[in-house]
Chemist: 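Quick one: this structure, given as structure tokens, is what I'll be asking you about.
Residue indices begin at 1 and follow the sequence shown.
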Amino acid sequence: MVVHGTSLDDLNTNSIETYRHRLLNFNPELEFNTLGFKDFCERIGISDNGALTFGGLLMFGNRKSITKHLRHFWIDYREIPGTSYDDAEVRYTYRMPEQENIWEYFMMLIQRLRSFADNPFLPGPDGFSPEDNSQLYSLREGLINMLAHADYFGPMHSSITIYNDKIEFQNPGQFPVALTGNIKKIKSIPRNPNIIMFFRYARLAENAGYGIGRIKKWESLTGEKVEIESDIATSTITYFRPIIGQKIGQKIGQKVLNTREKLLNLIADNPNITRKELTKILNVPSSTVQYHIEKLKSEHRIERIGGAKGGHWVIID
């Protein structure tokens, strides 16, 4: 569908540039890569005869133009220190600021989700590879599923909520098809085909029918279930998180626990130690250090006093 009254001037040029950079790195054979700005937008589906499509506007538009035509556009992301709103000590420990468009939300959200998944380092600018079977890859499929299937025309908005025991993706709108029976036979029917196609061009989404399988892969990777629910108003995918110390994932869980205890001991020995130094000593990715630090903070075992420079850690008894 074309958004009447729009033009290429309604796009966020920085979003287009970072997207095209992604295409060059991960899909270099794509014929659209060699086209100029205007022709690229036409061929890939961002625009149609100069006017933006709804998919193009949502994915790459500037926020002012998006909210002019879709006034309720917003993706809410919160980290809540509890298993529900009711038992949380505070409303949230982090809430993501509003972003320009879907592409900018995706880039921010996937980095935030890294802190809550045990994901190994893999080749590639964003840490993914075509054969990635990590927990983060499973979460990424859930994120893209949410972004491509949301009903952006209604008054509700999409949300991602991180609890101590689960990660919840919730969308306005019912799933276009019932997710029952044999998952392998389910074919994806995205609410906005252009949005899912933009992700596929960038090698960020599976072909029809495979995304749900990647989401369910979480169960074999963590030992915890994934629940998929849908009613007339909303659709929800819930990833239940491993509880460290129980025999889930066995070796994986023990490895995570050992790494966290090592990190805690290093902080106790040197309260001024930096995250960069922790990454080097533990010989793990910086995202892994960030994940364990956030966990220790949420468990009220450590506290940061001061900023990145000149600050120090405090061990809480």
Side-chain angles (χ1 to χ4, degrees), residues 74-96 99 102 105-120 126-128 132-150 156-172 175 179 183 199 204-206 211-230 234-246 248-249 252-253 256-257 260 285 287-288 290-299:
W74 177 38
I75 300 168
D76 193 13
Y77 173 92
R78 287 173 293 178
E79 296 170 8
I80 296 176
T83 57
S84 69
Y85 290 109
D86 295 333
D87 69 6
E89 296 181 7
V90 294
R91 290 179 61 192
Y92 53 82
T93 54
Y94 176 80
R95 192 169 196 172
M96 181 172 288
Q99 303 296 312
I102 289 177
Y105 268 114
F106 172 77
M107 299 294 283
M108 291 288 290
L109 288 167
I110 199 63
Q111 295 305 323
R112 200 72 193 179
L113 288 172
R114 284 180 183 276
S115 299
F116 303 97
D118 182 16
N119 56 296
D126 60 356
F128 292 105
D132 187 353
N133 287 310
S134 69
Q135 294 174 25
L136 183 59
Y137 196 13
S138 178
L139 290 176
R140 189 187 76 179
E141 287 299 324
L143 173 59
I144 292 175
N145 182 288
M146 183 190 78
L147 296 173
H149 289 81
M156 296 177 65
H157 57 265
S158 301
S159 67
I160 300 174
T161 309
I162 311 293
Y163 296 101
N164 289 348
D165 63 339
K166 57 186 171 290
I167 299 172
E168 185 179 272
F169 294 83
Q170 189 171 79
N171 248 349
F175 279 123
L179 300 183
I183 288 177
F199 281 117
L204 286 167
E206 296 288 348
I212 297 299
R214 288 293 187 184
I215 290 171
K216 298 291 285 186
K217 184 71 174 177
W218 178 266
E219 296 180 345
S220 62
L221 291 170
T222 67
E224 296 292 336
K225 63 181 178 179
V226 175
E227 288 186 352
I228 301 176
E229 302 174 319
S230 185
T234 61
S235 302
T236 307
I237 297 177
T238 304
Y239 295 79
F240 286 88
R241 298 172 58 189
I243 302 174
I244 304 306
Q246 294 183 5
I248 46 91
I252 295 175
V256 171
L257 183 59
R260 189 168 304 156
S287 59
T288 299
Q290 179 65 23
Y291 168 75
H292 290 302
I293 285 175
E294 293 300 326
K295 285 294 294 183
L296 289 168
K297 284 182 177 180
S298 68
E299 294 168 0

Chemist: Check for a donor-acceptor pair, side chain of Ser138 on one end and backbone N or O of Arg214 on the other, with a separation under 3.5 Å.
Modeler: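 Judged by distance alone, yes, a pair lies under 3.5 Å.
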Chemist: Are Tyr85 and Arg78 close enough that some pair of their side-chain heavy atoms sits under 4.5 Å apart?
Modeler: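 Yes, side chains in contact.
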Chemist: Can you tell me how far apart CD1 (Ile80) and CZ (Arg95) are? Round to the nearest 0.5 Å.
Modeler: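 Ile80 CD1 to Arg95 CZ: 8.5 Å, rounded to 0.5 Å.
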Chemist: Looking at Met96, Gln99, Met146, which one forms a side chain to side chain contact (heavy atoms under 4.5 Å, CB included) with Ile75?
Modeler: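 Among Met96, Gln99, Met146, the one that satisfies the side chain to side chain contact (heavy atoms under 4.5 Å, CB included) with Ile75 is Met146.
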Chemist: Take Asp76 and Thr161 through the test side chain to side chain contact (heavy atoms under 4.5 Å, CB included) and record every step on the way to the result.
Modeler: CA-CA 8 Å; Asp76 193 13; Thr161 309; over 6 Å; no
Chemist: Just by modelled atom types, is the Val226 backbone N or O under 3.5 Å from a matching donor or acceptor in the Glu219 side chain?
Modeler: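 Indeed, once roles are kept as given, a pair shorter than 3.5 Å links the two residues.
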Chemist: Angle class for the His157/Trp74 ring planes (parallel below 30°, perpendicular above 60°, tilted otherwise)?
Modeler: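 Plane angle between 30° and 60°, so tilted.
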Chemist: Output all residues satisfying side-chain hydrogen bond (donor to acceptor under 3.5 Å, both in side chains) with Ser84, sequence neighbours left out; order by chain, then residue number.
Modeler: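 Expected list: none.
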Chemist: State, to 0.1 Å, how close Ala117 and Leu136 come at their nearest heavy-atom pair, and which atoms those are.
Modeler: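 Shortest heavy-atom separation between Ala117 and Leu136 comes out as CB-N, 3.8 Å.
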Chemist: What distance separates Ile160 CD1 from Gln170 CD, expressed to the nearest 0.5 Å?
Modeler: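 Ile160 atom CD1 to Gln170 atom CD measures 11.5 Å (nearest 0.5 Å).
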Chemist: Within the 4.5 Å heavy-atom criterion, are Tyr105 and Leu143 side-chain neighbours or not?
Modeler: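 SC-SC contact between Tyr105 and Leu143 ruled out.
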Chemist: Is the closest side-chain heavy-atom distance between Arg112 and Tyr94 below 4.5 Å?
Modeler: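 In short, these two side chains touch, coming nearer than 4.5 Å.
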Chemist: With side chains defined as the heavy atoms from C-beta onward, is the minimum distance between Ile162 and Arg241 less than 4.5 Å?
Modeler: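 Yes, at least one pair of side-chain atoms sits under 4.5 Å.
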Chemist: Considering residues at least two apart in sequence or located in another chain, which fulfil the salt bridge (charged side-chain N to carboxylate O under 4.0 Å, His left out) criterion with Lys225?
Modeler: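 Scan of Lys225 (salt bridge (charged side-chain N to carboxylate O under 4.0 Å, His left out), adjacent residues dropped) gives Glu227.
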Chemist: If you round to the nearest 0.5 Å, how far is OG1 of Thr238 from CG of Asp165?
Modeler: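 Interatomic distance, Asp165 CG to Thr238 OG1, rounded to 0.5 Å: 10.0 Å.
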Chemist: Who passes salt bridge (charged side-chain N to carboxylate O under 4.0 Å, His left out) against Glu294, sequence neighbours left out?
Modeler: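 Glu294 satisfies salt bridge (charged side-chain N to carboxylate O under 4.0 Å, His left out) with no other residue.
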Chemist: Among residues at least two apart in sequence or on other chains, which ones pass side-chain hydrogen bond (donor to acceptor under 3.5 Å, both in side chains) with Tyr77?
Modeler: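 Listed in chain order: Glu79.
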Chemist: Output the distance between atom CD1 (Ile237) and atom NZ (Lys166), rounded to the nearest 0.5 Å.
Modeler: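 That separation rounds to 15.5 Å.
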Chemist: How long is the span from the CD1 atom in Ile293 to the NZ atom in Lys295, to the nearest 0.5 Å?
Modeler: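 Result: 14.0 Å between the selected atoms.
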Chemist: So how far is it from Phe169 CZ to Ile215 CD1, rounded to the nearest 0.5 Å?
Modeler: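 Reported to 0.5 Å precision, the distance equals 8.5 Å.
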Chemist: Can you list the residues that meet the side-chain hydrogen bond (donor to acceptor under 3.5 Å, both in side chains) rule with Glu168, with sequence neighbours excluded?
Modeler: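 Listed in chain order: nothing, the list is empty.
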Chemist: I would like to know whether Ser158 and Asn171 meet side-chain hydrogen bond (donor to acceptor under 3.5 Å, both in side chains); could you show each step before the answer?
Modeler: CA-CA 5 Å; Ser158 301; Asn171 248 349; 2.5 Å; yes
Chemist: Just so I know, are the side chains of Phe240 and Thr222 near enough to count as touching, which here means a heavy-atom distance under 4.5 Å?
Modeler: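 When only atoms from C-beta onward are counted, Thr222 and Phe240 do not touch, as no gap falls below 4.5 Å.
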Chemist: Among residues at least two apart in sequence or on other chains, which ones pass side-chain contact (heavy atoms from CB on, under 4.5 Å) with Met107?
Modeler: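 Here the qualifying residues are Trp103.
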Chemist: Compare all side-chain heavy atoms of Leu204 with those of Phe106 and state whether any distance is below 4.5 angstrom.
Modeler: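 They are in contact (side-chain heavy atoms under 4.5 Å apart), so the answer is yes.
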